[in-house]
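Counting begins at 1 with the first residue of the sequence. Keep in mind that the numbers below use all heavy atoms, side chains included, and drop hydrogens, waters and symmetry copies.
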Amino acid sequence: MSDKEFGRPLSGKRRLKDLLLQKDNQFCADCNAPDPKWASANIGVFLCLKCCGVHRSLGSHISKVLSVTLDEWSDEELDAMMEVGGNSSANSIYEAYLPQGFTKPGPDASHEQRTKFIRSKYERQEFLKSSLRIVSGTGNNVRSNVSQVGTVNSLRSTSDSQNTEGKLGTLKVKVIKGTDLAIRDMLTSDPYVILKLGQQTVQTTVVKSNLNPVWNEELMLSVPRQFGLLNLNVFDYDMFSADDIMGEADIDLQPLISSAISFGDASMFDDMQIGKWLKSHNNALIDDSIVNIVDGKIKQEMTIKLQNVESGELDLELEWLPLAK
């Protein structure tokens with residue numbers, strides 16, 4: 001017998017075949033059709049031909065579809081599939097919050113029914129707990145997507161097992177600059193920034209007489225297990241009376257922290273996008289804020305429009321610092 005099959009070691013094909021033979025993997029993860037011959041290597045599920053077609057339409061950055069028998073699988077793709085473990089493990093995450101009474105499409109479902117369900121399940125992640133949703137980038141590294149399931153289980157136990165002191169990690173906030181800040185003195189202001197997370201408060205220095213201040217200051221905050229929003233306030237320093245407010249904003253840390261915990265050791269990955277905080281009418285973002293791995297560090301840049309004030313923007317950079325092992 002040849003020691004290779006379709007260009008890769010036979011042992012690799014056997015690993016994949018053994019995984020497919022598990023009971024939960026003998027039916028399509030999305031419509032329950034029997035004998036699936038396709039798989040999404042990065043999501044970690046086995047698929048029938050009809051659902052496979054919908055997965056291909058999502059794009060390989062969401063679902064990388066391969067034939068179980070015909071395609072050549074790289075070691076990375078195979079390892080990613082094994083890490084997830086197949087349909088049961090993946091569906092326990094992606095279908096964890098199906099609405100009560102919801103019925104998945106069956107083997108005879110129409111293309112439209114399949115498309116609606118599969119896009120809701122994987123692209124919009126509607127049945128995933130909101131705090132676990134991750135918007136992956138388009139990098140070629142399989143783990144950029146498999147992390148949504150393969151390591152997202154770590155998020156489930158974060159509150160119980162991250163550390164005995166209740167700390168997830170450290171947040172470094174670089175307050176870069178302000179633009180067109182509000183006037184609170186006769187012609188200008190003396191701005192400074194205060195950040196609050198839980199019971200912690202940190203503050204920049206005061207920049208005298210400047211509506212476009214440059215700070216480039218790094219402020220450090222411990223991130224507890226039960227973290228909330230990062231509160232930001234800008235004030236005008238006044239020596240003889242109470243400082244005047246120059247705007248405020250709330251910053252959602254969930255995209256950064258979920259991505260960071262999901263990926264683990266960022267030094268193992270090339271530079272890539274791993275998450276995103278989306279601009280909406282409910283937040284202070286001027287544009288979508290991307291979470292990136294840069295030189296082995298997890299960072300997020302953002303420009304904030306100050307709220308409840310006539311004008312003003314702030315440029316910030318957040319960096320996640322994991323706990324030392």
Side-chain angles (χ1 to χ4, degrees), residues 19-20 22-36 38-40 42-59 61-63 65 81 83-136 145-162 168 225-229 250 252-255 257-259 261-262 275-283:
L19 184 62
L20 182 60
Q22 293 181 16
K23 182 177 179 181
D24 291 336
N25 296 331
Q26 294 178 29
F27 299 87
C28 175
D30 295 332
C31 76
N32 212 38
D35 197 24
W38 298 84
S40 173
N42 53 343
I43 294 175
V45 292
F46 292 98
L47 306 165
C48 69
L49 179 61
K50 292 180 179 179
C51 288
C52 161
V54 179
H55 274 253
R56 287 190 187 279
S57 72
L58 301 179
H61 62 292
I62 295 177
S63 183
V65 179
M81 193 80 188
E83 180 182 352
V84 177
N87 296 352
S88 180
S89 295
N91 282 345
S92 71
I93 302 295
Y94 279 103
E95 297 181 3
Y97 290 84
L98 284 173
Q100 187 173 3
F102 182 90
T103 301
K104 291 174 57 174
D108 297 325
S110 67
H111 179 73
E112 289 73 20
Q113 290 172 320
R114 292 174 197 273
T115 299
K116 182 178 180 181
F117 174 71
I118 289 171
R119 287 191 176 277
S120 295
K121 180 177 177 180
Y122 300 109
E123 187 176 56
R124 295 189 291 274
Q125 300 176 29
E126 292 178 0
F127 314 129
L128 194 72
K129 186 177 180 181
S130 59
S131 63
L132 302 186
R133 292 176 187 164
I134 302 171
V135 183
S136 294
N145 287 300
V146 77
S147 65
Q148 294 183 16
V149 174
T151 60
V152 82
N153 288 305
S154 65
L155 294 177
R156 285 178 157 182
S157 59
T158 290
S159 61
D160 299 321
S161 62
Q162 275 292 329
L168 286 178
R225 294 179 187 173
Q226 301 299 325
F227 62 89
L229 296 171
D250 289 329
D252 184 2
L253 299 177
Q254 191 70 56
I257 295 174
S258 293
S259 300
I261 293 175
S262 179
K276 184 187 294 185
W277 180 24
L278 298 175
K279 172 189 175 182
S280 78
H281 65 277
N282 292 321
N283 62 43

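The distance from the CG atom of Asn282 to the CG atom of Asp252 is 11.0 Å, given to the nearest 0.5 Å. In this structure, Ser110 OG and Lys50 NZ are separated by 9.5 Å, a value rounded to the nearest 0.5 Å. The distance from atom SG of Cys51 to atom NE2 of His111, rounded to the nearest 0.5 Å, is 10.0 Å. Interatomic distance, Ile62 CD1 to Glu123 CD, rounded to the nearest 0.5 Å: 4.5 Å. Taking OG from Ser259 and NZ from Lys276, the interatomic distance works out to 11.5 Å, rounded to the nearest 0.5 Å. The structure places OG of Ser57 at 12.5 Å from CZ of Arg114, a figure rounded to the nearest 0.5 Å.
For the pair Val65 and Cys52, the tightest heavy-atom approach, listed with the atom from each and the gap, is CG1-SG, 3.3 Å. Contact between Asn87 and Val45 at its shortest, heavy atoms only, is OD1-CA, 3.3 Å. Annotation for Leu168 and Arg225: closest pair CG-CA, 3.9 Å, computed over non-hydrogen atoms. Here the shortest heavy-atom pairing between Pro255 and Trp277 reads CG-CB, 3.8 Å. For the residue pair Ile43 and Ala90, the shortest heavy atom distance occurs at O-CB, 4.2 Å. Contact detail for Leu278 and Asn283: the closest heavy-atom pair is O-ND2, 2.9 Å.
Inter-residue side-chain proximity for Pro107 and Cys48 is flagged as unmet; no heavy-atom pair is nearer than 4.5 Å. Side-chain contact between Gln254 and Phe227 is present, with at least one heavy-atom pair separated by less than 4.5 Å. In this structure the side chain of Phe117 never reaches within 4.5 angstrom of the side chain of Val54, judged on heavy atoms. His55 has its side chain within reach of Leu47: a pair of non-hydrogen atoms, C-beta onward, lies under 4.5 Å apart. Counting heavy atoms from C-beta on, the side chains of Pro36 and Leu20 come closer than 4.5 Å.
Asn91 places a side-chain N or O within 3.5 Å of a backbone atom of Ala29 that can act as its donor or acceptor partner. With Asn32 contributing its side chain and Gly106 its backbone, the two residues share no donor-acceptor pair below 3.5 Å.
Residue pairs satisfying the salt bridge (charged side-chain N to carboxylate O under 4.0 Å, His left out) criterion with at least one member in residues 23-36, sequence neighbours excluded, are listed as follows: Asp30-Lys121, Asp35-Lys37.
Remark: Pro34 engages Phe27 in a side chain to side chain contact (heavy atoms under 4.5 Å, CB included) (not counting sequence neighbours). Residues satisfying the side chain to side chain contact (heavy atoms under 4.5 Å, CB included) test with Thr103, not counting sequence neighbours, are none.
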